[in-house]
Amino acid sequence: MEYPFDIIEKKWQNIWSKKKIFNAIDFSKKAKYYVLSMFPYPSGALHMGHVSNYSIADAISRYKMMQGFNVMQPMGYDSFGLPAENFAIENNSHPRITTDENIKIMRNQFDSIGFGLDWEREVSTCHSDYYRWGQWLFKRMYEKGLVYKKTSFVNWCDSCQTVLANEQVEDGKCWRCETVVRQKELEQWFFKITDYAEELLDFSKVIDWPERVKTMQTNWIGKSFGTEMWFKLQDSDDIIKVFTTRPDTIFGCTFMALPPEHPLVSQWLKNEPENSEIRKFCDKVMNEDKITRTAEDTTKEGIFTGRYALNPVNEEKVQIWVTNYVLMDYGTGAVMAVPAHDHRDFEFAKKYNIPIKLVIQNPEKNLVLEEMTEAYIEPGILVNSAQFDGMVSIASQDAITDWMTQQETGKHTITYRLRDWGISRQRYWGTPIPVIYCENCGTVLVPDEDLPVKLPEKVQLGKTTQNPLLSVPEWVNTTCPKCEGPARRETDTMDTFVDSSWYFARYADAKNDKIPFDKEKADYWLPVDQYIGGIEHAVMHLMYARFFHKFMRDIGLVSSDEPFARLLTQGMVTKDGAKMSKSKGNTVDPQYIIDRFGADTVRIFMLFASPPEKDVEWNDEAVKGAFRFLNRVYRLFEDEDNKNYLELIKKYYNTSNKFNTVGKEDICILIKELRYNTHNLIKKVREDIENRVHFNTAIASIMEYINLKDFSRIYWTLDPESFYNNTEKTIYADAFAVIPRLLYSFAPHISEELWEMIGNKELVHETGIPEYNPEYLVKDEITYVVQIMGKIRGKLSVAPSTSEEEIKEKALELENVKKYLHGKEIKKIIVVPNKLVSIVAK
RNA sequence: GCGAAAGUGGCGGAAUUUGGUAGACGCGCUGGACUUAGAAUCCAGUGAGAGCUGAUCUCGUAGGGGUUCAAAUCCCCUCUUUCGCACCA
């Protein structure tokens with residue numbers, strides 16, 4: 001017989017919902033605990049990845065509820081975005097319709113798994129009562145000088161028909177559709193995330209984040225110390241700024257390398273004939289996609305511009321080349337090339353016969369320019385460097401930079417790899433940027449009282465490659481808020497990562513229609529105590545959200561420095577070794593599993609299969625194993641044959657969390673052992689969750705516990721009511737009563753049911769978390785392992801009070817020990833208390 | 001190429017925090033009970049090898065070396081895998 005999971009799960013979901021136990025209370029006197037999982041994109045139905053993610057969050061959340069915290073676990077939908085728009089184009093529908101449908105489906109599924117979510121705080125980013133505040137925040141950011149518009153080369157995805165931020169390009173491909181990204185010159189809105197680069201490098205205010213994520217963000221921001229140098233052009237007043245981390249090699253600079261995108265290059269090209277070599281070269285390079293262009297094995301190419309710059313330290317003429325290996329978006333977008341001491345410059349100079357000049361000599365002083373086959377990039381001693389000759393290169397770096405600062409030809413500088421965040425998207429299904437362009441007044445922000453700028457519902461999607469909002473003239477054409485003259489609205493929408501950069505704060509006050517959220521409430525709930533989500537957002541969402549949070553702090557919306565105190569990056573759900581995905585055809589529908597085995601089974605499987613941060617390999621058979629386990633637990637309480645047995649538990653179990661045994665009567669060994677196991681289990685489960693957040697081992701211990709021989713022996717062969725005294729009966733009853741309470745975090749429905757079956761009126765979490773009593777963990781006998789020269793030769797059971805001397809004696813008396821010690825001299829005996837005896841003999 | 005993490009039965013994983021009985025727990029597999037049969041359930045076994053069933057012994061945590069009475073755990077080298085970064089000046 002299978003236990004009636006379907007009835008049980010519905011029943012408790014209804015009770016929870018009626019009692020509103022998951023509705024978090026603002027400013028409760030209890031300590032707050034904010035558990036948050038990354039909200040889903042409403043793509044249709046929940047997939048296994050969601051189930052895994054939310055099962056982890058729910059386990060933590062319910063455990064914290066048992067511990068008496070005022071827990072908030074909200075949920076919402078990251079509901080703007082391209083897939084909905086693309087789906088609407090293909091199916092001649094509207095994203096609003098499909099998104100709402102999908103949300104309905106997912107909402108039902110959330111309820112059918114029984115996650116403890118506070119639906120009073122639900123947010124959906126595509127609703128104007130949410131994105132209104134995104135627009136409001138955009139304006140505050142603009143006022144603070146953190147938003148600007150500029151024309152530049154940006155990442156363009158032909159398939160998505162939109163721009164992508166740098167973080168959203170992986171290996172030169174679109175993070176969403178893997179189309180190769182190409183560079184396109186466009187006017188774009190940017191968020192000045194670089195203003196916060198330094199603070200984003202500082203993780204001292206988070207409590208517990210995986211090192212991996214911190215490292216990834218740190219590398220992404222890419223801070224490096226160096227020198228900026230200013231090269232004058234030979235025939236004009238223009239100056240080229242370069243950034244270098246090797247100012248010690250400046251005297252060896254023989255050419256300058258510029259990317260075709262460099263502003264000076266564009267300027268020069270204006271005077272070039274239509275089919276000049278240099279123009280052809282620039283066009284060719286700029287049309288290459290980012291991967292081929294930046295791949296390490298791409299051949300370095302370039303063309304001499306015929307122009308010269310002057311080396312600021314010695315006025316030497318330096319050739320200016322346009323090349324394919326310099327990037328416009330790092331440093332100053334120009335490189336002083338020192339072929340002798342940089343392998344890229346070396347390769348290039350050899351290929352084009354550009355002079356090479358040795359300025360760093362190795363410590364052995366045996367470098368000969370003519371014999372060099374590769375650049376010498378190590379530190380060394382300066383040569384051919386005027387007054388700096390003889391200096392060690394590390395020391396000379398500061399000396400040269402200081403001297404250049406005096407000469408006003410350069411300065412110390414810090415460069416970041418991080419670029420400003422391009423947030424304009426040339427698509428419809430996103431937050432409208434609250435900007436109006438007036439013929440008279442220029443760029444005007446939409447006044448706060450006119451927010452939200454609502455997305456028009458009627459729109460032409462996907463018919464042209466132009467921005468869809470341009471197809472709604474009655475929306476685009478408006479009047480200027482300042483002069484009331486004719487004006488046009490901005491038709492780009494915001495990157496959806498903007499929407500997800502502050503939603504965690506909105507949950508604190510999700511229904512506010514005056515401001516994004518009340519500061520008091522935000523300060524009560526934030527930071528998120530435990531954030532859970534996939535590692536794929538390490539440098540996208542997780543960095544943007546930190547940036548937004550710091551910005552919100554700086555305009556006085558929140559007081560905390562970081563949005564997420566603890567971060568858990570959960571693994572993927574895989575099948576046949578690969579991530580579940582529709583394209584690979586290896587998906588398993590959670591709903592089918594829930595219908596067949598119940599939500600508790602799916603949760604147990606997910607949490608038991610591996611620790612949360614590791615991947616979970618889906619296994620149909622192992623799911624049945626989880627189901628079998630829950631059936632066994634249920635049967636333990638079911639008591640079909642003997643009603644007295646369940647009555648006995650009801651009558652005698654301890655409602656106190658301490659599980660102290662009240663009576664003074666003697667208890668038999670069997671029962672004492674059982675009590676030991678009960679308290680040991682409490683300890684183990686609590687430690688696994690509290691110290692390590694490892695649910696797999698906690699569940700394993702519960703399995704082990706219910707498999708105990710003691711259980712079946714007591715259960716099947718004895719009549720406890722007449723056989724045991726009252727103390728023993730209490731211990732016996734407690735042994736059962738503890739099970740639902742320890743299982744609750746992982747399988748809440750069955751736990752509530754069992755808890756009720758033994759006569760409880762309270763819900764499990766209301767009773768609190770069980771505590772173990774260390775006194776009951778003291779054993780009557782301790783088993784020592786006896787080793788001789790590190791090999792196990794016997795075991796020894798002694799009373800805990802036995803002295804070390806006695807233990808040694810007893811160990812030496814063991815038959816097997818005697819056998820191995822025969823003819824040997826004992827050098828030393830080591831006794832590790834409560835564990836082992838190690839005999840050193842020769 | 002640089003950086004990080006990890007390598008344990010047929011599989012997922014435990015023991016690594018604190019050096020102290022390696023393989024908990026689950027899946028799978030083998031045998032048995034129940035059944036007309038199956039499913040389900042229950043019982044027993046399950047790292048490799050030797051040994052008469054036994055007691056017991058040998059080997060065994062990617063490979064090699066080291067520290068130690070004792071190493072999956074600490075140190076060094078090698079290999080492999082995964083992840084991140086990668087013409088960043």
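Heavy-atom basis, side chains included; hydrogens, waters and symmetry copies ignored. As the structure is a computational prediction, the values presented were derived from the model and not from experiment. The sequence lines fix the lettering, A, B, ..., with proteins before strands; numbering per chain opens at 1.
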> Quick one: what's the B/S/- string for nucleotides 13-18 of chain B, heavy-atom cutoff under 4.0 Å, read 5' to 3'?
Replying inline: SSS---
>> Within the 3.5 Å criterion, strictly below it, is a donor on A/Glu198 or A/Tyr416 matched to an acceptor on the partner's side chain?
In response: yes
>> By the 4.0 Å heavy-atom rule, please label A/Gly625 as base, sugar-phosphate, or nothing.
In response: sugar-phosphate
> Is a donor on one side and an acceptor on the other found under 3.5 Å between the side chain of A/Asn816 and the backbone of A/Arg793?
Replying inline: yes
> B/C57 and B/A22: how far apart are their P atoms, nearest whole angstrom?
Replying inline: 12 Å
>> So if I apply the side-chain contact (heavy atoms from CB on, under 4.5 Å) rule between A/Phe251 and each of A/Val313, A/Ile360, A/Leu382, which one comes out positive?
In response: A/Val313
>> A/Arg417: which residues meet the salt bridge (charged side-chain N to carboxylate O under 4.0 Å, His left out) condition with it, sequence neighbours left out?
In response: none
> Got a sec, which pairs hit side-chain hydrogen bond (donor to acceptor under 3.5 Å, both in side chains) with one end in residues 331-342 of chain A, sequence neighbours left out?
Replying inline: A/Asp342-A/Arg344
> Does A/Glu813 pair with A/Lys810 as a salt bridge, N-O distance under 4.0 Å?
Replying inline: no
> Just how far, in rounded Å, is P of B/C27 from CD1 of A/Ile699?
Replying inline: 13 Å
>> Parallel, tilted or perpendicular, judged at 30° and 60°: which one describes the rings of A/Trp175 and A/His537?
In response: perpendicular
>> Rounded to whole Å, please give me the gap between CH2 in A/Trp618 and P in B/C27.
In response: 15 Å
> Is the closest basic N to carboxylate O distance between A/Arg692 and A/Glu687 below 4.0 Å?
Replying inline: no
> Under 3.5 Å, is there a donor-acceptor pair between the A/Tyr705 and A/Thr678 side chains?
Replying inline: yes
> Are A/Arg546 and A/Trp220 in a cation-pi contact, defined as NZ or CZ under 6.0 Å from the six-membered ring centre and within 45° of the axis?
Replying inline: no
>> From CG of A/Leu636 over to C1' of B/U41, roughly how many Å is that when rounded to an integer?
In response: 15 Å
> Which whole number of Å gives the distance between the C1' atom of B/C87 and that of B/U81?
Replying inline: 27 Å
>> Quiz question: by atom type and distance under 3.5 Å, do the side chains of A/Thr299 and A/Tyr325 form a donor-acceptor pair?
In response: no
> Within 45° of the axis and under 6.0 Å from the centre of the six-membered ring of A/Tyr784, does NZ or CZ of A/Lys795 qualify?
Replying inline: no
>> Please tell me whether A/Phe255 and A/Phe304 form a close aromatic pair, meaning their ring centres lie under 6.0 Å apart.
In response: no
> Taking atom C1' in both B/G47 and B/G60, what distance in whole Å separates the two?
Replying inline: 8 Å
> Considering only the C1' atoms, how many Å lie between B/G66 and B/C11, rounded to the nearest integer?
Replying inline: 34 Å
>> Within the 4.0 Å heavy-atom criterion, would you say A/Tyr820 contacts the bases, only the backbone, or no part of the nucleic acid?
In response: sugar-phosphate
> Does A/Arg793 make a side-chain N or O approach to OP1 or OP2 of B/U21 shorter than 4.0 Å?
Replying inline: no
> Across the strands shown, which category fits A/Arg419 at heavy-atom distances under 4.0 angstrom: base, sugar-phosphate, nothing?
Replying inline: nothing
>> Just the rounded figure in Å: distance from P of B/C25 to CZ of A/Phe605.
In response: 19 Å
>> Here's a test of your reading of the structure: between A/Lys819 and A/Ala626, which maps to the more 5' nucleotide of RNA chain B?
In response: A/Ala626
> Quantified in whole Å, what is the P atom distance between nucleotide B/U80 and nucleotide B/G26?
Replying inline: 37 Å
> If the C1' atom of B/U16 is compared with that of B/A5, how far apart are they to the nearest Å?
Replying inline: 14 Å
>> Rounded to the nearest 0.5 Å, what separates atom NZ in A/Lys241 from atom CZ in A/Phe231?
In response: 13.5 Å
> Is A/Glu347 salt-bridged to A/Lys300, cutoff N-O under 4.0 Å?
Replying inline: yes
>> Rounding to an integer number of Å, can you tell me how far A/Met703 CE sits from B/C25 P?
In response: 11 Å
> RNA chain B in dot-bracket, Watson-Crick or G-U pairs under 3.5 Å, [ ] crossing, | other strand?
Replying inline: (((((((..(((.......[....)))((((((.......))))))((((.....))))..(((((..]....))))))))))))....
>> Using atom P in both nucleotides, what's the gap between B/U56 and B/G7 to the nearest angstrom?
In response: 32 Å
> Taking protein heavy atoms under 4.0 Å as touching, what does nucleotides 84-89 of chain B look like 5' to 3' if B marks base contact, S marks sugar-phosphate-only contact and - marks none?
Replying inline: SSBBBB
> Does B/G19 sit syn or anti, given that only angles within 90° of 0 count as syn?
Replying inline: anti
> Below 4.0 angstrom from OP1 or OP2 of B/G28, is there any side-chain N or O of A/Arg628?
Replying inline: yes
Pairs: protein N or O with nucleotides 62-71 of chain B N or O, under 3.5 Å:
residue, atom, partner, partner atom, Å
B/C69, O2, A/Ser838, OG, 2.4

>> I need the NZ-P distance between A/Lys575 and B/C27, as an integer number of Å.
In response: 19 Å
